[in-house]
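These numbers come from the heavy atoms of this one structure, side chains and all, not from hydrogens, waters or symmetry mates. Bear in mind that the values here come from a model prediction, so they are computed numbers and not experimental data.
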Amino acid sequence: MAKKNSSKSTSNTIALNKKARHEYFLHDKFEAGVELQGWEVKSIRAGKVNISETYIHLKNGEAFLLGSQIQPLNSASTHVICDPLRYRKLLLSRRELDRLIGATERDGYSLIATAMYWKKCWVKLEFQLGKGKKMHDKREDGKSKDWSREKERLMKHKA
């Protein structure tokens with residue numbers, strides 16, 4: 001009665017939004033469940049997800065995921081209408097929704113999706129409050145990264 005060796009990957013990450021850190025100043029981190037249809041779960045398991053231009057829209061006291069693309073599989077059922085760009089409801093508590101509504105309306109924050117991952121058998125979305133960067137902020141970030149790399153090279157050669 002030996003345990004079966006799992007051939008699955010250890011990473012639970014489905015998709016990342018690498019562009020978000022470059023485009024926004026990110027602040028508070030939130031986690032939400034995503035309301036999905038059956039064909040979407042199958043496509044996510046196959047890795048056909050893109051969240052690079054995804055954001056969250058708050059409407060009527062609810063949060064919706066916009067801009068995420070989940071491509072349907074070729075073997076999807078014929079009686080199911082597959083819309084890869086449909087609005088997907090996010091599952092959040094009332095307290096979190098109220099806090100997010102206040103931050104977006106009063107403080108001018110945007111809600112940017114940064115990662116999608118598996119948590120047990122559920123698909124979770126990680127998103128953050130963010131403010132857009134100007135061009136000079138992006139250049140300043142690039143300069144600071146270059147300088148930190150240069151410092152590491154100098155310290156390595158000194159030692």
Side-chain angles (χ1 to χ4, degrees), residues 1-135 137-138 141-142 145:
M1 296 286 173
K3 289 185 180 180
K4 293 181 182 177
N5 289 337
S6 178
S7 63
K8 294 180 182 176
S9 64
T10 58
S11 175
N12 293 333
T13 304
I14 299 167
L16 290 173
N17 186 357
K18 295 179 183 177
K19 210 184 335 176
R21 293 221 182 276
H22 180 70
E23 299 287 331
Y24 298 94
F25 292 113
L26 298 176
H27 299 289
D28 295 339
K29 194 181 288 189
F30 293 91
E31 177 185 70
V34 184
E35 190 176 274
L36 297 170
Q37 295 177 351
W39 69 269
E40 292 173 327
V41 176
K42 290 179 182 179
S43 294
I44 287 172
R45 287 192 192 281
K48 297 185 175 273
V49 183
N50 183 8
I51 62 165
S52 63
E53 296 187 16
T54 302
Y55 62 96
I56 288 97
H57 179 68
L58 299 171
K59 181 179 176 185
N60 298 332
E62 295 179 333
F64 294 96
L65 184 65
L66 301 176
S68 64
Q69 294 180 350
I70 301 176
Q71 294 301 321
L73 297 173
N74 292 335
S75 61
S77 181
T78 57
H79 66 276
V80 176
I81 299 170
C82 300
D83 181 17
L85 295 173
R86 75 176 187 90
Y87 290 12
R88 293 169 182 89
K89 187 176 178 181
L90 295 179
L91 307 172
L92 292 162
S93 68
R94 174 57 46 200
R95 179 176 285 151
E96 287 175 324
L97 281 169
D98 291 341
R99 183 172 173 213
L100 293 173
I101 289 169
T104 55
E105 289 181 358
R106 281 193 305 268
D107 302 331
Y109 283 102
S110 298
L111 301 173
I112 294 87
T114 54
M116 187 180 278
Y117 55 91
W118 293 103
K119 190 170 188 180
K120 296 184 182 176
C121 61
W122 295 290
V123 175
K124 298 288 185 173
L125 182 80
E126 177 186 284
F127 62 96
Q128 296 184 359
L129 289 172
K131 285 202 178 205
K133 287 185 181 178
K134 304 281 191 257
M135 186 56 99
D137 294 329
K138 293 177 191 176
D141 283 348
K145 284 181 186 177

Identify the two heavy atoms, one from [X] and one from [Y], that lie closest to each other, and give their separation to 0.1 Å.
X	Y	answer
G130	L26	CA-CD2, 4.2 Å
E96	F30	OE2-CD2, 4.5 Å
I101	G61	CD1-CA, 4.2 Å
I51	V49	CG2-CG1, 4.1 Å
C82	P84	O-CD, 3.5 Å
I112	A20	CG2-CB, 3.8 Å

Can you measure from [atom1] ([X]) to [atom2] ([Y]) and round to the nearest 0.5 angstrom?
X	Y	atom1	atom2	value
N50	I14	CG	CD1	13.0 Å
Q128	K29	CD	NZ	5.5 Å
L100	I56	CG	CD1	8.5 Å
E62	R94	CD	CZ	8.0 Å
L85	I70	CG	CD1	10.0 Å
N17	S68	CG	OG	11.0 Å

Run the numbers on E53 and K19 for side chain to side chain contact (heavy atoms under 4.5 Å, CB included), then give the verdict. CA-CA 8 Å; E53 296 187 16; K19 210 184 335 176; 3.8 Å; yes
Sequence neighbours left out, cut at 3.5 Å: what donor-acceptor pairs do the side chains of residues 114-123 make with other protein atoms?
{"from": "T114", "atom 1": "OG1", "to": "E126", "atom 2": "O", "distance (Å)": "3.1"}
{"from": "T114", "atom 1": "OG1", "to": "E126", "atom 2": "OE2", "distance (Å)": "2.9"}
{"from": "Y117", "atom 1": "OH", "to": "E31", "atom 2": "OE2", "distance (Å)": "2.3"}
{"from": "K119", "atom 1": "NZ", "to": "E31", "atom 2": "OE1", "distance (Å)": "3.3"}

R88: which of E35, Q37, E40 passes side chain to side chain contact (heavy atoms under 4.5 Å, CB included): E40
Please say whether the positively charged group of K131, taken as NZ for Lys or CZ for Arg, lies over the ring of Y109, i.e. under 6.0 angstrom from the six-membered ring centre and within 45 degrees of the axis. yes
Which residues satisfy the side-chain contact (heavy atoms from CB on, under 4.5 Å) test with R106, sequence neighbours excluded? none
I'd like to know whether NZ of K124 has more than 12 heavy-atom contacts from other residues, nucleotides or ligands below 6.0 angstrom. yes
Can you list the steps and then say if L90 with V34 is a side chain to side chain contact (heavy atoms under 4.5 Å, CB included)? CA-CA 5 Å; L90 295 179; V34 184; 3.9 Å; yes
CA sep, side-chain torsions, deciding dist, call: H57, Y87, side chain to side chain contact (heavy atoms under 4.5 Å, CB included): CA-CA 9 Å; H57 179 68; Y87 290 12; 5.5 Å; no
Across all chains, not counting sequence neighbours, the ring-ring contact (aromatic ring centres under 6.0 Å, His included) partners of Y24 are none
